[in-house]
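Notes to accompany the following structure.
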Amino acid sequence: MDAIKLIAQDSIKEDAPKFNIGDTVKVSVNIREGSRERIQMFEGTVIAKKGSGVSETFTVRRISYGVGIERVFPLHSPNVVDVKVIRKGKVRRAKLYYLRDRVGKAAKVKEDIK
């Protein structure tokens with residue numbers, strides 16, 4: 001069991017990005033297509049964070065051509081190159097699953113102005 005913990009600690013990124021639920025983020029993901037590699041951007045609202053340690057994940061939701069798209073990213077994955085916070089969100093929940101049922105302006109998260 002200690003060997004598993006040692007391997008997991010080596011995989012954890014020390015400079016993991018700091019963001020919270022409700023923030024609008026731009027995630028840079030490394031995509032492999034055959035022998036080529038490219039970086040794809042995915043921008044949306046963080047609706048959930050789960051887990052801890054090496055298995056920590058976060059879910060990002062966006063609307064594309066009227067269809068809701070959600071992607072789950074492992075925070076410490078080598079394929080997640082960068083996470084940039086575009087704007088901070090002001091929310092009072094740990095999970096924002098209720099945004100799935102909302103359409104248009106009702107699906108927006110208020111900005112946290114400090």
Side-chain angles (χ1 to χ4, degrees):
M1 194 60 163
D2 291 330
I4 294 172
K5 287 182 182 178
L6 287 173
I7 293 169
Q9 283 185 348
D10 291 342
S11 302
I12 291 178
K13 292 181 184 175
E14 297 299 326
D15 57 341
K18 303 288 186 219
F19 59 90
N20 292 314
I21 310 298
D23 292 353
T24 301
V25 295
K26 188 179 278 190
V27 184
S28 303
V29 187
N30 205 7
I31 303 290
R32 286 198 188 104
E33 294 169 333
S35 61
R36 297 178 15 182
E37 283 189 18
R38 65 183 176 89
I39 293 179
Q40 186 180 58
M41 305 300 259
F42 190 85
E43 184 173 345
T45 306
V46 179
I47 62 167
K49 284 176 93 172
K50 285 185 181 177
S52 64
V54 75
S55 63
E56 188 173 353
T57 62
F58 62 100
T59 306
V60 181
R61 178 179 175 82
R62 75 183 236 189
I63 306 296
S64 180
Y65 299 104
V67 179
I69 298 171
E70 291 184 8
R71 283 188 70 180
V72 180
F73 297 102
L75 185 64
H76 300 288
S77 170
N79 290 332
V80 176
V81 179
D82 188 29
V83 179
K84 288 185 180 160
V85 178
I86 304 299
R87 61 188 277 258
K88 293 281 189 185
K90 183 179 180 184
V91 294
R92 297 168 67 180
R93 301 269 182 274
K95 305 283 190 278
L96 303 182
Y97 296 142
Y98 65 88
L99 292 178
R100 293 172 176 165
D101 301 328
R102 302 205 174 171
V103 180
K105 285 190 176 180
K108 290 202 174 195
V109 175
K110 288 184 179 178
E111 189 168 1
D112 189 17
I113 302 169
K114 289 190 176 183

Donor-acceptor pairs are to be reported for all side-chain atoms of residues 18-33 against protein atoms at under 3.5 Å, with residues two or more places apart or in another chain.
residue : atom : partner : partner atom : Å
Asp23   : OD1  : Gly89   : N            : 3.0
Asp23   : OD2  : Asn20   : N            : 2.9
Asn30   : ND2  : Glu37   : OE1          : 3.2
Arg32   : NE   : Glu37   : OE2          : 3.1
Glu33   : OE1  : Arg38   : NE           : 3.3
Glu33   : OE2  : Arg38   : NE           : 3.3
Glu33   : OE2  : Arg38   : NH2          : 3.1

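- Under a cut-off of 6.0 angstrom, the local environment of CZ in Arg93 is sparse, with at most 12 non-hydrogen atoms contributed by other residues, nucleotides or ligands.
- Taken to the nearest 0.5 Å, the OG1 atom of Thr59 stands 9.5 Å off from the CZ atom of Phe73.
- For the atom pair Ile63 CD1 and Arg102 CZ, the distance stands at 13.0 Å (nearest 0.5 Å).
- Scanning both residues, Glu43 and Val60, for their nearest heavy atoms gives C-CG1, 4.4 Å.
- Counting only heavy atoms from C-beta outward, the side chains of Leu75 and Pro17 approach each other to under 4.5 Å.
- Both Ile69 and Tyr97 belong to a single network of hydrophobic side chains, linked directly or stepwise wherever heavy atoms of I, L, V, M, F, W or Y lie under 4.5 Å apart.
- To the nearest 0.5 Å, the span separating NZ on Lys88 from CD1 on Ile113 amounts to 14.0 Å.
- Between the NZ atom of Lys90 and the NZ atom of Lys110 there is a distance of 6.5 Å, given to the nearest 0.5 Å.
- For the atom pair CG of Leu99 and OG1 of Thr45, the computed distance is 7.0 Å after rounding to the nearest 0.5 Å.
- With sequence neighbours excluded, the residues satisfying salt bridge (Lys or Arg N to Asp or Glu O under 4.0 Å) with Glu70 are Arg61, Arg100.
- Across all their heavy atoms, Ala48 and Lys95 have their closest contact at CB-CD, 3.6 Å.
- Under a hydrophobic clustering in which Ile, Leu, Val, Met, Phe, Trp and Tyr are joined whenever their side-chain heavy atoms come within less than 4.5 Å, directly or via other members, Val85 and Phe58 fall into the same cluster.
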